[in-house]
Every structure is written in C-alpha cells, then in structure tokens.
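The next block holds one structure in the form of structure tokens; read it before the comments.
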Amino acid sequence: MDDVSYRMLELDVEAPPPSIEFRDGEAGIALILRRKRRLVGFLLQERGSRSRIGAEEIARLISREAAARVLQDRLREELGPAPSRTPMLPVSVAICTRNRPEQLRRCLDSLRALDPPPETLAAGFEILVIDNAPPDDATRRIVEGFPGIRYVLEPKPGLNFARNRALREARGDILAFVDDDVVVDRGWLGGLHAAWSENPDARGFTGLVLPYALSSRAQILFEQRGGFRRGFDRIRYRQARLDDALFPCGAGIFGAGANMAFDRATLLAIGGFDEALDTGPP
C-alpha cells in the first residue's frame, strides 16, 4: 500500500474557522484545537473525494469534538479558584536516549522554549540527558551545545536502567520524563504546575501525547485507534476503582511514559523502576 499523509493544523476554537484546501497527496487533516493556548481537542477528518472543506463544516467538526470541553474551560475560568501562583517544588526533567541525536536536539530546543518560563513556575528546574549505552559520542556532543543541561552516561543498556540512573542523579523533588523524540508543548510545564497545584497529594502525573506528524498509513491508523491520547479530561486515579475489578492492572489507562512525572521521594521509596522490564537486547 502506498503511504498517505494527513496535514496537521492548529486552530483556536474562539477564532473564525478557516476553509481548508487539500493539497496533492493529502488524504485528510488532523486538527489540534486550543482555547487561549490550552489544548481542548484533537480530531481527524478524511478527505474522501473532496478538494476542500468549508469553514462551516470545520466549525461543525470543532463543535462536535470540543464544545463540552470549551464550556467546561470557560466555567472553570469564570467560577473556579484563581490559578495558583505558588511555585512548584524543584523539577528535574530527564530524557533517556540512545543513538538519536537529532531527535534529542529537537526535544531540547522545545524545552528551551517553555512559556511561561520555568523560573516563574518552579523553585528550581534542571534538564538531564541520560545517554544509555551509546555507540559513539554523538549524544554527548549535542548536549554540549546546550549550556546548563547535564549529561549523564549510563553504560548498562535498557530503558529502566536509564530511568533509575535519572532517579539517582536528579536534584528536583519532582522528576519528569519525556522521550527523546518528543516535542514538548510550550505550555507543558504550566500544565504540570496546574495539575500539581490542584492535586497536592498526588504522587504521579501523566499528560497528553499527540502525534508530531501523520505521514504514513501506519501513523494514521494508530491515531484513528486512539494513539497515546487518553483524552482531554482531567482524571484522578485512586488506589481502587469500583467499576474495574482488575484495577490497577492494565497500567496503560494511566497515560504514556513519553510524558510522565512523579514525586521523586515516592519513586525512591518503592525502589525505582523494575530493571527486569524495558531491557535492551542481549
């Protein structure tokens, strides 16, 4: 099968919707929806036999996908408590990587572009790159181009060996992990700050993971089946659920490892990550 692509677009739900002309080779569109910079929805629309989608149809698609969340967002803004201005505890961001220097560079560039800047949201902020059993020094050389970012070599291959090295090396009270091929949204740290402020007893947080590109049939099928998204609603998990006898088995319901953060003391207390899992090849 020939590969197909969807065009990725970001739209503000409170701005007049555009009409969209399809380009050659485009099989559809993927719309990332925001309200006042906050993410409120994501939708996929096949092209079919059309050459364009008019503004009225785009408006209907947006309403069907995000109307309830936009209303919730407005009510929370008008009736809820004012956003907390208390800085988070110090935050360490760890990127565990192996032999993907260009993806790592892109990830680090995105972390440098956080808005609001980290110093306004956290009492301390650092970025660590854990280089896991590298075949060469390409990753180290990339990190050297980003002053202030710490490079740590973990010679034992395996993702959880790298994560546990980050756990030992981190200085922050909150330890966040992002994958090396992730482009962090500019509001990512602001979202973590809001979740931390609203849930001071929480010991772990996960966040949304949207596609960076939809340039193959496999990527499109993955997103059509939910991808790494776990929805846009705020969900709080406790130690038990009456509607799921197997809870908390099936840990995928909680989110994806590409975007997760934990209370570091709690991770240390339970012994960190199981190094028998996520190992590299022999």
If we only count heavy atoms from C-beta on, is the Val13 to Asp73 side-chain gap below 4.5 Å? no
Going hydrophobic residue to hydrophobic residue with side-chain gaps under 4.5 angstrom, can you get from Leu111 over to Trp196? yes
Could you check whether any side-chain heavy atom of Val184 comes within less than 4.5 Å of a side-chain heavy atom of Val93, counting everything from C-beta outward? no
Indicate yes or no for a side-chain donor-acceptor contact from Arg106 to the backbone of Val183 under 3.5 Å, with no hydrogens or angles considered. no
Any side-chain heavy atom of Gln224 sitting closer than 4.5 Å to one from Leu44? yes
Looking at Arg69 and Phe232, would you say the former's side chain and the latter's main chain have a donor-acceptor pair under 3.5 Å? no
Are the charged groups of Arg47 and Glu26 less than 4.0 angstrom apart, N to O? no
Could you list the donor-acceptor pairs under 3.5 angstrom formed by side chains in residues 143-153, with sequence neighbours left out?
residue : atom : partner : partner atom : Å
Glu144  : OE2  : Arg140  : NH1          : 2.4
Arg150  : NE   : Glu126  : OE1          : 3.3
Arg150  : NH2  : Glu126  : OE1          : 3.0
Arg150  : NH2  : Glu126  : OE2          : 3.3
Arg150  : NH2  : Glu169  : O            : 2.8
Tyr151  : OH   : Asp131  : OD2          : 2.6

Could you state whether Leu39 and Leu189 fall into the same hydrophobic cluster, counting links through intermediate Ile, Leu, Val, Met, Phe, Trp or Tyr residues with side-chain heavy atoms under 4.5 angstrom apart? no
Any side-chain to backbone donor/acceptor pair from Asn259 onto Leu208? Under 3.5 Å, distance only. yes
Is there a side-chain contact between Val182 and Gln103 in this structure, where contact means two heavy atoms from C-beta onward sitting under 4.5 Å apart? no
Check this for me, if you would: do Arg236 and Asp201 make a salt bridge, where the nitrogen-to-carboxylate-oxygen distance has to be below 4.0 angstrom? yes
Under 4.0 Å between a Lys/Arg side-chain N and an Asp/Glu carboxylate O for Arg76 and Glu198? no
For residues 240-249, please give each side-chain donor-acceptor pair under 3.5 Å, one per line with the distance, not counting sequence neighbours.
residue : atom : partner : partner atom : Å
Arg241  : NE   : Asp243  : OD1          : 3.1
Arg241  : NH2  : Asp243  : OD2          : 2.9
Asp244  : OD1  : Leu246  : N            : 3.0
Asp244  : OD1  : Phe247  : N            : 3.4

Once rounded to the nearest 0.5 Å, what's the spacing between atom CZ of Phe22 and atom CD1 of Ile29? 5.0 Å
Should Leu214 and Val209 be regarded as members of a common hydrophobic cluster, given that ILVMFWY residues are connected when their side-chain heavy atoms come within less than 4.5 Å of each other, either directly or indirectly? no
Closer than 4.0 angstrom, basic N to acidic O: yes or no for Arg163 and Asp278? yes
Is there a path of hydrophobic side-chain contacts, each under 4.5 Å between heavy atoms of I, L, V, M, F, W or Y residues, that connects Leu267 with Tyr237? no
Counting distance only, does the side-chain N/O of Glu57 pair as donor-acceptor with the main-chain N or O of Gly54 below 3.5 Å? no
Donor-acceptor under 3.5 Å (Asn132 side chain, Lys156 main chain): yes
Could you tell me whether the side chain of His193 and the main chain of Thr86 form a donor-acceptor pair under 3.5 Å? yes
Taking the side chain as everything from C-beta on, heavy atoms only, tell me whether Thr206 gets closer than 4.5 Å to Arg230. no
Measuring only between side-chain heavy atoms, which start at C-beta, is Ile32 closer than 4.5 Å to Phe42? yes
Give a yes or no answer on whether the side chain of Arg186 reaches the backbone of Asp115 with a donor-acceptor pair at less than 3.5 Å. no
